[in-house]
Amino acid sequence: MESIYLVGGGKGGVGKSIVSMSLIDFLMSEGKNVLFVETDNSNPDVLKCYGDVTTAVALNLDHVDGWMDLITQCDNHRNHVVVINSAARNDHAVQMYGDRLQQALPLLKRKLITFWVINRQRDCVELLRNFLEQIPESKTHVIMNAYFGNREKFETYNNSQTKKYIEQLGGKSLVFPEVADRVADDLYIKRMTIEKAAEDLPIGNRIELLRWRAEIKKMFEEVIE
């Protein structure tokens with residue numbers, strides 16, 4: 001049975017959407033069927049880019065009904081890898097209702113793998129600690145978004161007990177490569193998939209995109225079988 005990938009972070013502006021887009025692109029390039037679950041209903045950028053090329057649903061995880069629907073969707077699409085793009089506000093809902101998904105994993109016969117995206121601020125680590133307490137069954141990897149600096153600049157996370165705990169459990173601390181602003185803008189403004197952008201952008205932009213895409217592939221290959 002395919003895995004469930006949750007892209008989280010607990011707060012806005014850390015880069016969850018671009019990580020979700022990159023994850024979908026990687027999985028599709030590996031020949032996987034993808035069920036994309038958009039939970040950021042106020043700013044559904046990923047759904048607008050990938051809704052026409054993947055099986056996609058929008059769910060509201062602020063309420064228990066959304067979590068019930070999520071579990072049902074996972075069961076109805078058993079041959080699909082599931083990618084969930086979580087909204088910043090979902091942190092409280094995870095604490096309230098996330099145990100439903102955790103309890104469903106054995107019945108779904110799926111693994112839950114979380115990519116927790118952070119910037120350099122302390123609250124990202126604190127929110128991660130809360131998540132680990134609520135969903136201990138998840139295999140969690142931390143993604144340091146290089147938009148905010150190189151690995152060494154993430155001092156709060158690098159020096160934390162949370163990092164040690166994650167790595168003791170087999171999780172990885174990964175660096176998500178930065179891409180030129182104009183390429184990122186093309187993806188969002190033109191509502192393009194990464195694959196489509198690699199075909200249609202001006203050649204200078206395409207070269208930057210292909211470099212970035214290759215680095216992302218290496219990153220995901222470290223943790224996705």
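Just the heavy atoms: all of them, side chains too, but no hydrogens, waters or symmetry mates, feed the values below.
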Treating [X] as the side-chain partner and [Y] as the backbone partner, does any N or O pair qualify as donor plus acceptor under 3.5 Å?
X: Glu137; Y: Gln102; value: no
X: Arg110; Y: Glu2; value: yes
X: Arg151; Y: Ser173; value: yes
X: Thr39; Y: Ala87; value: yes
X: Trp212; Y: Pro177; value: yes
X: Ser86; Y: Val7; value: yes
X: Arg100; Y: Val64; value: no
X: Arg213; Y: Asp25; value: no
X: Glu208; Y: Ala180; value: yes

Exercise. After noting the C-alpha distance and the side-chain angles of Leu132 and Leu169, does the key distance pass the side chain to side chain contact (heavy atoms under 4.5 Å, CB included) rule?
Worked result: CA-CA 11 Å; Leu132 294 171; Leu169 295 178; 5.9 Å; no
For a quick test of reading the model, state the closest non-hydrogen atom pair linking [X] to [Y] and the distance between them.
X: Leu47; Y: Ala58; answer: CD2-CB, 4.2 Å
X: Leu59; Y: Gly66; answer: CD1-O, 4.0 Å
X: Phe154; Y: Asn145; answer: CZ-O, 3.3 Å
X: Val46; Y: Ser17; answer: CG2-O, 3.5 Å
X: Met28; Y: Val53; answer: CE-O, 3.7 Å
X: Ala56; Y: Gly51; answer: CB-CA, 4.1 Å

To the closest 0.5 Å, what do you measure between [atom1] ([X]) and [atom2] ([Y])?
X: Gln121; Y: Phe148; atom1: CD; atom2: CZ; value: 8.0 Å
X: Leu210; Y: Asn205; atom1: CG; atom2: CG; value: 11.0 Å
X: Ile18; Y: Ile194; atom1: CD1; atom2: CD1; value: 5.5 Å
X: Tyr97; Y: His63; atom1: OH; atom2: NE2; value: 7.5 Å
X: Asp99; Y: Ile135; atom1: CG; atom2: CD1; value: 7.0 Å
X: Leu6; Y: Leu70; atom1: CG; atom2: CG; value: 9.0 Å

Determine whether [X] and [Y] fall in the same hydrophobic cluster, where Ile, Leu, Val, Met, Phe, Trp and Tyr are linked whenever their side-chain heavy atoms lie under 4.5 Å apart.
X: Val37; Y: Ile24; result: no
X: Leu27; Y: Val82; result: no
X: Val223; Y: Ile118; result: no
X: Leu101; Y: Val83; result: no
X: Val179; Y: Val117; result: yes

[X] side chain near [Y] side chain, heavy-atom distance below 4.5 Å:
X: Leu127; Y: Trp116; answer: yes
X: Thr55; Y: His80; answer: yes
X: Thr140; Y: Leu128; answer: yes
X: Asp62; Y: Asn41; answer: no

Over 12 non-hydrogen atoms of neighbours within 6.0 angstrom of [atom1] in [X]:
X: Asp52; atom1: CG; result: no
X: Arg211; atom1: CZ; result: yes
X: Tyr147; atom1: OH; result: no
X: Lys172; atom1: NZ; result: no
X: Leu107; atom1: CG; result: yes

Problem set entry | Partner of Met144 under side-chain contact (heavy atoms from CB on, under 4.5 Å), chosen from Leu174, Val14, Asn158, Asn119 | Asn158
Exercise. Are Cys74 and Ile4 close enough, and set up right, to give a side chain to side chain contact (heavy atoms under 4.5 Å, CB included), and what steps lead you there?
Worked result: CA-CA 8 Å; Cys74 291; Ile4 301 171; 3.7 Å; yes
For this session: Assign the ring pair Phe115 / Tyr5 to parallel, tilted or perpendicular, where the plane angle (0 to 90°) is split at 30° and 60°.
Result: parallel
Problem set entry | Evaluation steps, side chain to side chain contact (heavy atoms under 4.5 Å, CB included), between Asp45 and Asn85 | CA-CA 10 Å; Asp45 289 323; Asn85 182 43; over 6 Å; no
Exercise. Would you call Lys217 and Glu30 a salt bridge, taking side-chain N to carboxylate O under 4.0 Å as the test?
Worked result: yes
For this session: Give the C-alpha distance, both sets of side-chain angles, the deciding distance and a yes or no for side chain to side chain contact (heavy atoms under 4.5 Å, CB included) between Arg120 and Thr156.
Result: CA-CA 7 Å; Arg120 290 157 52 190; Thr156 300; over 6 Å; no
Problem set entry | Sub-6.0 Å ring centroid separation between Phe36 and Tyr50 | no
